[in-house]
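Below is one structure; the comments refer to it alone.
The structure presented is a predicted model; accordingly, all values stated were derived computationally and were not measured. Numbers here are sequence positions counted from 1. Computed over heavy atoms, backbone and side chain alike; hydrogens, waters and symmetry mates excluded.
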Amino acid sequence: MSMRVSGMIKITAALFVDFLLCSIGLGAVLAAIVTGGILFYAWIGEYIAVSRDRAIPLEQLSSGDRQRLGRVKAGLTEDVRRFSGEDISRLKLYVIPSDQVNAYAYGFRNVAVTRAVLHSCDETTICAVLGHEVAHILCMDAVFHRIIFANVALILGGLIIASFISMSALWILFLALCLFGVCTSVFSVLIFHGIRKMTKGIFTAVQYTVVFLYQVVMGLISRRCEFRADRYSCQLGYRSQLRYFLTRFVEGQESERRSLHEILYATHPPVRKRLQRIGEYCPLPARV
């Protein structure tokens with residue numbers, strides 16, 4: 001099964017689960033609207049991210065940078081076609097005006113490298129970096145992450161609404177009991193205050209738990225996606241260049257000691273572990 005087909009199955013399955021879960025409480029029509037909204041967000045979010053990063057499209061680059069990146073795209077397109085049969089000719093390349101060495105896969109077909117990558121790396125190394133990002137594009141990793149984020153946002157929104165309704169119901173009940181003379185003592189007021197704080201605390205704890213689980217689980221998924229993308233770049237024949245890029249530009253940016261928070265929420269594996277995995281892969285012969 002190709003990576004693109006696998007990515008489409010992953011996205012379709014996530015949206016289908018969303019539709020089924022929403023239809024239980026909202027009905028088929030509203031469930032379809034909500035699911036369509038999630039898909040729209042997953043699509044439009046790609047272009048919002050490109051605009052947020054002030055990414056410059058290939059066509060608007062200077063003549064030298066445009067020709068250089070054009071050669072990189074042509075070579076990478078041919079390598080991907082030869083290895084996996086995928087057509088990435090419609091891939092949109094951008095350059096982010098940043099001196100930080102990095103690259104991004106935004107969603108369905110938009111990929112960017114920073115200006116530092118374009119000017120600090122040779123063309124084959126840029127191919128290695130973009131080969132990694134192409135794997136994310138083919139598997140639609142960013143799209144999947146946005147779908148999951150939208151789900152979590154909807155859950156948190158539902159919890160906020162439920163918390164507001166619950167607190168309002170408690171106040172209405174308390175006022176009604178006061179009007180009927182049931183809650184007139186200081187003791188009853190203290191009981192109400194305790195119930196209100198407990199209810200608010202339960203909803204807050206649930207919200208924090210949802211966010212914590214989302215960050216931890218998506219961190220685990222993201223790290224697995226990074227390993228897979230590294231492997232794909234190596235299979236394209238860029239093993240040596242990818243190893244050089246990680247060692248030369250990425251490893252130095254990573255601190256030796258990481259906090260528990262960084263370990264739990266990290267979206268990228270440690271460079272040392274990525275280099276170890278790269279050494280274990282059995283790719284096509286690396287380029288000279």
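- When side chains are defined from C-beta on, I221 does not count as touching D141, because their heavy atoms never get closer than 4.5 Å.
- Between the side chain of Q235 and the backbone N or O of F83, no donor-acceptor pair lies under 3.5 Å.
- Linking ILVMFWY side-chain heavy atoms closer than 4.5 Å, directly or via other members, places I147 and L21 in two distinct hydrophobic clusters.
- For the pair K92 and L58, the minimum side-chain heavy-atom distance is 4.5 Å or more.
- Under 4.0 Å is where a charged nitrogen must lie from a carboxylate oxygen, and between R277 and D230 no such pair does.
- Residues Y238 and F245 form no side-chain contact, since every pair of their non-hydrogen atoms from C-beta on lies 4.5 Å or further apart.
- In this structure, T35 and F40 have side chains that are not in contact, with every pair of non-hydrogen atoms separated by 4.5 Å or more.
- Aromatic ring pairs are classed by plane angle as parallel below 30°, tilted from 30° to 60° and perpendicular above 60°; the pair F149 and Y214 is tilted.
- Of all non-hydrogen atoms in L76 and C127, the two that sit nearest each other are CD1-O, 3.9 Å.
- The same ILVMFWY cluster, assembled from side-chain heavy atoms under 4.5 Å apart, contains both W43 and I148.
- Heavy-atom minimum distance, A55 versus I96: CB-CG1, 4.1 Å.
- Cluster annotation: V34 and L20 are assigned to distinct hydrophobic clusters (Ile/Leu/Val/Met/Phe/Trp/Tyr, side-chain heavy-atom contacts under 4.5 Å, transitive).
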Begin from the C-alpha positions of L39 and L15 and carry the test side-chain contact (heavy atoms from CB on, under 4.5 Å) through to its verdict.
CA-CA 8 Å; L39 179 59; L15 293 173; 3.8 Å; yes
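- Pairing each heavy atom of S233 with each of G131, the nearest pair is CB-C, 4.1 Å.
- Between the side chains of D53 and Y106, a donor-acceptor pair is found at a separation under 3.5 Å.
- A heavy-atom distance below 4.5 Å is not found between the side chains of Y94 and I56.
- To the nearest 0.5 Å, the span separating CG on L93 from CG on L69 amounts to 5.0 Å.
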Begin from the C-alpha positions of V152 and M218 and carry the test side-chain contact (heavy atoms from CB on, under 4.5 Å) through to its verdict.
CA-CA 11 Å; V152 172; M218 292 310 296; over 6 Å; no
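- Considering CG of L154 and CG of L159, their distance stands at 11.0 Å, rounded to 0.5 Å.
- At a threshold of 4.5 Å between side-chain heavy atoms, the hydrophobic network of Ile, Leu, Val, Met, Phe, Trp and Tyr places V50 and L61 in two separate groups.
- Put simply, the side chain of I137 does not reach to within 4.5 Å of the side chain of I88, judged on heavy atoms.
- The neighbour count for Y47 OH, taken as heavy atoms of other residues, nucleotides or ligands under 6.0 Å away, is above 12.
- A donor-acceptor pair shorter than 3.5 Å can be found between the side chains of T125 and D122.
- The same ILVMFWY cluster, assembled from side-chain heavy atoms under 4.5 Å apart, contains both I278 and L236.
- Rounding to the nearest 0.5 angstrom, the gap separating the CD1 atom in I48 from the CZ atom in R146 is 8.5 Å.
- Annotation: the span from C234 atom SG to H132 atom NE2 amounts to 10.5 Å, rounded to 0.5 Å.
- Residues passing the side-chain hydrogen bond (donor to acceptor under 3.5 Å, both in side chains) test with R66, sequence neighbours excluded: none.
- Looking only at distances, no side-chain donor or acceptor of E133 sits under 3.5 Å from a matching main-chain atom of A112.
- Counting only distance, with no hydrogens or angles, the side chain of R109 and the backbone of R90 share a donor-acceptor pair below 3.5 Å.
- F164 places none of its side-chain heavy atoms less than 4.5 Å from the side chain of I160.
- Note: K73 NZ to L91 CG = 6.0 Å, rounded to the nearest 0.5 Å.
- Between the NZ atom of K273 and the CZ atom of R223 there is a distance of 8.5 Å, given to the nearest 0.5 Å.
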Decide yes or no on side-chain contact (heavy atoms from CB on, under 4.5 Å) for C121 and Y244, but give the supporting numbers first.
CA-CA 10 Å; C121 301; Y244 165 77; 5.7 Å; no
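- Of all heavy-atom pairs spanning C139 and K10, the tightest one is O-NZ, 3.0 Å.
- Between A105 and A142, the shortest heavy-atom contact is O-CB, 3.7 Å.
- The heavy-atom pair separating Y232 from S84 by the smallest distance is OH-OG, 3.1 Å.
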Quick one: do V113 and L130 satisfy side-chain contact (heavy atoms from CB on, under 4.5 Å)? Show the steps, please.
CA-CA 8 Å; V113 295; L130 288 177; 3.5 Å; yes
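- For CZ of R71, the number of neighbouring non-hydrogen atoms (other residues, nucleotides, ligands) closer than 6.0 Å is greater than 12.
- Taking 4.5 Å as the limit, some side-chain heavy atom of E86 sits within range of a side-chain heavy atom of L138.
- Ion pairing of R68 with D65 is absent here, as no side-chain N (NZ or NE/NH1/NH2) approaches a carboxylate O to less than 4.0 Å.
- Side-chain atoms of T114 and Y104 form no donor-acceptor pair, as typed in the model, at a separation below 3.5 Å.
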